[in-house]
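Notes for the one structure printed next.
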Amino acid sequence: MSRSFRFGVNLLTPAPADEWRAKCRRAEELGYDVILVPDHLGMVAPFPALVAAAEATRRPRLGTFVLNTGFWNPALLAREVATTDALTGGRLELGLGTGYVQAEHEAAGLPFGSPRERVDHLERTLAELERLLGSGELPHAGPHSRGATPVPPSARSRVPVLVGANGDRMLRLTAAHADIAAFTGARPGRTPGTLEPLRAEELDERVARYRALAADRAEPAELNLLIQLVAVTDDPEPALKPLLESLPGLTVDEALALPIVLAGPLEDVVAKARAQRERFGFSYLTVLEPSMEAFAPVLARLREEESG
């Protein structure tokens with residue numbers, strides 16, 4: 001049986017305090033279940049931004065999407081996670097990834113390393129977070145719940161962990177450690193620091209590989225997909241133009257079929273979101289801040305269908 005949908009929005013643009021809080025309140029008004037922040041230089045600092053989001057809202061959970069673990073010492077990260085979880089009333093969801101932008105590491109004076117070294121660091125970080133956050137040595141908010149109703153203190157659990165993955169080793173770590181398996185629907189592009197979208201058949205293979213690795217889990221993970229482009233319109237071609245220009249040879253029909261694209265009339269977009277949940281298992285959909293308003297009627301229709 002399919003999971004119920006959850007919807008997240010990844011807020012990318014820094015803003016003064018009042019504007020940031022207003023943006024978070026707007027996400028809550030539109031019905032988003034999770035307010036997320038990335039971890040890139042030039043964007044918001046993740047943990048203070050989430051504390052401010054918590055002060056401005058009541059219902060949404062709050063998450064990193066995703067932390068670049070190469071920026072973080074595991075012990076110091078555990079302190080940030082525990083404190084932020086406490087200050088947000090147990091609403092934190094911790095998203096982790098390896099990072100893929102070498103220029104950011106160079107600007108920060110941090111080693112970028114090989115793909116193997118970056119995955120090694122993520123693996124160490126996951127192990128250390130599990131050890132420290134379960135040790136009782138750090139401040140904790142108390143109950144954690146994936147829904148609106150808190151769980152009793154006797155059923156307290158750790159901060160839910162999301163891992164963003166695509167390669168085999170990353171999928172293995174996700175299967176072993178993550179409550180939420182996040183698929184970017186993309187691979188590193190030919191130009192450093194860029195991503196190239198996966199076609200549906202390629203994503204089928206990645207999801208199938210994850211499911212095989214996660215076959216022995218006691219509880220299945222929630223599956224997440226990051227939607228890169230949303231356009232609810234009778235004429236989606238203009239909205240697709242930047243994507244078509246960045247991927248010469250891609251046709252309009254091929255672009256519309258990409259899992260990371262939701263473009264077209266409202267009914268078509270809603271139907272595609274439902275179909276992707278059935279095909280891949282993606283019940284948790286994340287959109288980027290520029291699509292927050294555009295995706296709102298899709299969110300509302302999907303939720304209306306589930307409640308009706």
Please check this pair: side chain of [X] against backbone of [Y], looking for a donor-acceptor N/O pair closer than 3.5 Å.
{"X": "Tyr32", "Y": "Met292", "answer": "yes"}
{"X": "Arg187", "Y": "Glu196", "answer": "no"}
{"X": "His177", "Y": "Arg172", "answer": "no"}
{"X": "Glu128", "Y": "Ala75", "answer": "no"}
{"X": "Thr69", "Y": "Gly97", "answer": "yes"}
{"X": "Thr64", "Y": "Val66", "answer": "no"}
{"X": "Thr84", "Y": "Val81", "answer": "no"}
{"X": "Trp20", "Y": "Ala49", "answer": "yes"}
{"X": "Asn68", "Y": "Asp39", "answer": "no"}
{"X": "Thr57", "Y": "Arg59", "answer": "no"}

For residues [X] and [Y], determine if any side-chain heavy atom of one lies less than 4.5 Å from a side-chain heavy atom of the other.
{"X": "Leu67", "Y": "Leu94", "answer": "yes"}
{"X": "Phe65", "Y": "Val37", "answer": "no"}
{"X": "Ser114", "Y": "Glu117", "answer": "yes"}
{"X": "Arg158", "Y": "Leu133", "answer": "no"}
{"X": "Glu222", "Y": "Ser283", "answer": "yes"}
{"X": "Arg206", "Y": "Asn166", "answer": "yes"}
{"X": "Phe183", "Y": "Leu223", "answer": "yes"}
{"X": "Leu226", "Y": "Leu288", "answer": "yes"}

Shortest non-hydrogen separation from [X] to [Y] and the atoms involved:
{"X": "Pro297", "Y": "Ala294", "answer": "CD-O, 3.3 Å"}
{"X": "Leu132", "Y": "Ala78", "answer": "CD1-CB, 3.7 Å"}
{"X": "Pro60", "Y": "Leu62", "answer": "O-CG, 4.0 Å"}
{"X": "Leu122", "Y": "Met170", "answer": "CD2-CE, 3.2 Å"}
{"X": "Pro290", "Y": "Leu12", "answer": "CD-CD1, 4.1 Å"}
{"X": "His121", "Y": "Trp72", "answer": "NE2-O, 3.0 Å"}

Can [X] and [Y] be counted as an ion pair, charged N to O under 4.0 angstrom?
{"X": "Arg61", "Y": "Asp33", "answer": "no"}
{"X": "Asp85", "Y": "Arg91", "answer": "no"}
{"X": "Glu306", "Y": "Arg303", "answer": "no"}
{"X": "Asp204", "Y": "Arg199", "answer": "no"}
{"X": "Arg58", "Y": "Glu28", "answer": "no"}

Exercise for the section: For Cys24 and Leu11, run side chain to side chain contact (heavy atoms under 4.5 Å, CB included): C-alpha distance rounded to whole Å, both residues' side-chain angles, the deciding distance at 0.1 Å, then the answer. Expected result: CA-CA 9 Å; Cys24 294; Leu11 300 182; 4.0 Å; yes
For the atom pair [atom1] ([X]) and [atom2] ([Y]), what is the distance rounded to the nearest 0.5 Å?
{"X": "Glu289", "Y": "Leu36", "atom1": "CD", "atom2": "CG", "value": "11.5 Å"}
{"X": "Arg277", "Y": "Leu225", "atom1": "CZ", "atom2": "CG", "value": "13.5 Å"}
{"X": "Leu87", "Y": "Phe47", "atom1": "CG", "atom2": "CZ", "value": "11.5 Å"}
{"X": "Thr174", "Y": "Tyr210", "atom1": "OG1", "atom2": "OH", "value": "7.0 Å"}
{"X": "Leu129", "Y": "Arg124", "atom1": "CG", "atom2": "CZ", "value": "12.5 Å"}
{"X": "Ile35", "Y": "Arg26", "atom1": "CD1", "atom2": "CZ", "value": "12.5 Å"}

Problem - Whether over 12 other heavy atoms sit under 6.0 Å from Glu237 CD - result: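 Counting other residues, nucleotides and ligands, CD of Glu237 stays at 12 neighbours or fewer.
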Handout entry: Within 45° cone of Phe112 ring axis and under 6.0 Å: Arg118 NZ or CZ
Key =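 Yes; both conditions hold, so Arg118 lies above the ring face of Phe112.
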Exercise for the section: Using the salt bridge (charged side-chain N to carboxylate O under 4.0 Å, His left out) rule, take Asp120 and Arg169 through it: C-alpha gap first, then chi angles, then the decisive distance, then the call. Expected result: CA-CA 10 Å; Asp120 285 345; Arg169 189 175 170 207; 2.5 Å; yes
Problem - Parallel, tilted or perpendicular: ring planes of His105 versus Phe71, cut at 30 and 60 degrees - result: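 Rings of His105 and Phe71: tilted, as their planes differ by 30° to 60°.
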Exercise for the section: Test side chain to side chain contact (heavy atoms under 4.5 Å, CB included) on Glu123 and Leu126 and set out the steps. Expected result: CA-CA 5 Å; Glu123 186 171 19; Leu126 284 164; 5.6 Å; no
Problem - Ring center gap for Phe295 and Phe7 short of 6.0 angstrom - result: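 Phe295 vs Phe7: aromatic centres under 6.0 Å.
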Problem - Test applied, side chain to side chain contact (heavy atoms under 4.5 Å, CB included); reference residue, Leu162; option that passes from Val34, Leu96, Asp179, Ile180 - result: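 Exactly one pass, corresponding to Ile180.
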Can you give the donor-acceptor pairs under 3.5 Å from side chains of residues 245-272 to other protein atoms, not counting sequence neighbours?
unit_1, atom_1, unit_2, atom_2, d
Ser246, OG, Pro242, O, 3.4
Ser246, OG, Leu243, O, 2.8
Thr251, OG1, Glu254, N, 3.1
Thr251, OG1, Glu254, OE1, 3.3
Glu254, OE1, Thr251, N, 2.9
Glu267, OE1, Arg301, NH1, 3.3
Glu267, OE2, Arg301, NH1, 2.2
Lys272, NZ, Leu256, O, 2.6
Lys272, NZ, Leu258, O, 2.7
Lys272, NZ, Val261, O, 2.6

